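Everything on this sheet refers to the single structure shown next.
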Amino acid sequence: MFVVMAKRASEAEVLGVKSQILAEGLTPFQHVGAERIVIAVVGEIGGRKAVLLDRLGALPGVETVTPISRPFKLVSREFRPEDTVIRVLDAVIGDGSLTMMAGPCSVEGRDMLFETADAVKAAGATILRGGAFKPRTSPYAFQGLGVEGLRYLAEARERTGLPVITEVMEPSQVDIVAEYADVLQIGTRNMQNYSLLREMGRVARPVMLKRGYGATVEEWLMAAEYIVSSGNPNVILCERGIRTFETYTRNTMDLAAVPLVHHLTHLPVIVDPSHATGKRWLVKPLALGGVAVGADGVMVEVHPTPDQALSDAEQQLTLDQFRDLMRDLVPIHAQVRGMRGEPVGAGAGAGSTVDAPDGLAKH
């Protein structure tokens, strides 16, 4: 349930409500909106709902107490109507500007990474992606360079100024990856790895949560709820395709999920057409489609010589293909924003901004 405070509620009255919630064995989460403070009541309420509604509603400074039927509370629009906007170095996700995450599937070497990073930065990318640790179906496939790959990513950030995103595969990797990367990624196979989700909740880095390849939208948002309820509000959702009976593509891109999730949550949403399709010639049309339906950004895999890549060779764009994608994607994004009556310039969003915690951009 949500406790909506009156416009002129005092700090003492807000503290009184939070104290009562704690006394009931529950946890209060406060959001300061444009006009009112909303306090989410999180925990196992059980059969106490009617009693709690009466008790909390009778407290000084409370305007209304509203029960919520959705299982995800902190990531819902009911709790936070304004869009969450996340800033990492010079990149902004969710403010209406176009976020472009680009780079190789795997960090295969220093020179290859630097060549790719320079090219995608010049073409308009705002975040550099690259896998240091790689979850592979086969135990004999290339598993990534590990910490060496993280060091190369950090060097590429210093070289280009682009913040870095890379995947974390297990809780024991969180601290070491956070030491080098600016955004931590949870891959599709780990979307319901609850120990990893909780560990991501305590780290001072934004987290990009990919949708599980067999997950419903509600399961996806509940996974995000784990991270936010554990203390980290800086979550980016990524639609990367789900597994269906279709075999001509690697996965099936659920474009309907983008506007649906925007309706349900305040968190930014991006799309990953590389993993959704598994074929480089399908990446561009799906990227255009994702932006057309309102995605806050796109993540694509880019490699100087994709056919020689050590992982996901068929879905990685060449450097020229990425430049072509950016040439066509930027005007589509501008047109979509114009149709909504929004300013086209970067940083023109009116959402609530979540700045990177102190030290986030300092390495």
Side-chain angles (χ1 to χ4, degrees), residues 29 40 42 68-81 83-86 93-94 99 101 129 135 165 167-171 174 183-201 203 205-246 249-278 286-287 289-291 293-299 351 354:
F29 283 84
V42 176
I68 180 172
S69 58
R70 303 191 195 282
F72 49 90
K73 298 175 174 59
L74 302 180
V75 305
S76 71
R77 284 254 180 224
E78 288 90 343
F79 176 58
R80 186 187 186 121
D83 289 340
T84 288
V85 179
I86 300 171
I93 306 106
T99 297
M101 302 180 181
R129 65 142 292 149
I165 179 171
E167 183 169 353
V168 180
M169 292 173 51
E170 56 190 61
V174 171
V183 183
L184 309 187
Q185 173 184 311
I186 297 178
T188 185
R189 293 174 176 87
N190 273 318
M191 190 206 80
Q192 290 180 308
N193 182 340
Y194 299 116
S195 59
L196 179 58
L197 296 176
R198 290 189 186 280
E199 193 69 12
M200 290 293 207
V203 72
R205 294 284 185 275
V207 175
M208 189 182 78
L209 177 66
K210 284 198 167 187
R211 183 180 180 181
Y213 56 76
T216 65
V217 166
E218 184 169 294
E219 289 167 340
W220 186 19
L221 294 180
M222 287 304 295
E225 188 83 2
Y226 265 89
I227 300 170
V228 176
S229 66
S230 297
N232 188 350
N234 307 317
V235 177
I236 306 157
L237 300 171
C238 178
E239 164 58 41
R240 47 81 66 203
I242 53 177
R243 179 172 290 177
T244 67
F245 52 79
E246 184 53 70
T249 54
R250 181 174 180 177
N251 295 284
T252 298
M253 186 80 156
D254 185 4
L255 287 179
V258 175
L260 173 61
V261 170
H262 270 310
H263 176 74
L264 295 172
T265 180
H266 51 83
L267 300 175
V269 186
I270 71 165
V271 295
D272 174 0
S274 297
H275 284 89
T277 66
L286 268 294
V291 170
V293 297
D296 295 293
V298 180
M299 169 181 268
V354 180

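This structure is a prediction, so every number in the text was calculated from the model and none was measured.
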Asp272 side chain to His275 backbone, donor-acceptor under 3.5 Å: yes
Nearest-0.5 Å distance that lies between atom OH in Tyr226 and atom CG in Asn193: 11.0 Å
side-chain contact (heavy atoms from CB on, under 4.5 Å) evaluation trace for Val271 with Val291: CA-CA 8 Å; Val271 295; Val291 170; 5.9 Å; no
Euclidean distance, Thr277 OG1 relative to Met253 CE, rounded to 0.5 Å: 8.5 Å
Point-to-point distance, once rounded to the nearest 0.5 Å, from OG of Ser195 to CE of Met200: 11.0 Å
Which atom of Gly289 lies closest to which atom of Leu255, heavy atoms considered: C-CD2, 4.1 Å
Glu225 side-chain N/O to Leu74 backbone N/O, donor-acceptor pair under 3.5 Å: yes
Non-hydrogen atoms of Arg211 and Ala257 that approach each other most closely: NH1-CB, 3.7 Å
Shortest non-hydrogen contact from Met101 toward Ile165: SD-CD1, 4.0 Å
Any donor-acceptor N/O pair, Asp296 side chain to Ile93 backbone, under 3.5 Å: no
Main-chain N/O of Ile227 paired to Asn232 side chain as donor or acceptor, under 3.5 Å: no
Heavy-atom pair of closest approach, residues Phe29 and Val228: CE2-O, 4.2 Å
Taking every non-hydrogen atom, the tightest pair across Glu199 and Pro171: CG-O, 4.0 Å
Reference residue Pro268; test side chain to side chain contact (heavy atoms under 4.5 Å, CB included); the match among Asn234, Val235, Ile86, Leu237: Ile86
Heavy-atom pair with the smallest gap, counting every atom of Thr216 and Glu219: N-OE1, 2.9 Å
Name of the residue among Arg189, Met191, Gln185 meeting side chain to side chain contact (heavy atoms under 4.5 Å, CB included) with Lys210: Gln185
Sole candidate of Leu267, Leu264, Asp83 that passes side chain to side chain contact (heavy atoms under 4.5 Å, CB included) when paired with Arg77: Asp83
Pair Asp254 + Arg240, salt bridge at N-O below 4.0 Å: no
Euclidean distance, Ile270 CD1 relative to Glu239 CD, rounded to 0.5 Å: 10.5 Å
Value rounded to 0.5 Å, distance of CD1 in Ile68 from CD in Glu78: 4.0 Å
Thr265 (side chain) donor-acceptor with His262 (main chain) under 3.5 angstrom: no
Trace of the side-chain contact (heavy atoms from CB on, under 4.5 Å) decision for Leu209 with Leu197: CA-CA 9 Å; Leu209 177 66; Leu197 296 176; 4.0 Å; yes
Distance in Å, Cys238 SG paired with Trp220 CH2, rounded so as to fall on 0.5 Å steps: 7.0 Å
Intermediate values then yes/no, side-chain contact (heavy atoms from CB on, under 4.5 Å), Tyr213 and Arg243: CA-CA 5 Å; Tyr213 56 76; Arg243 179 172 290 177; 3.9 Å; yes
Side-chain heavy-atom pair Val261, Leu221 within 4.5 angstrom cut-off: yes
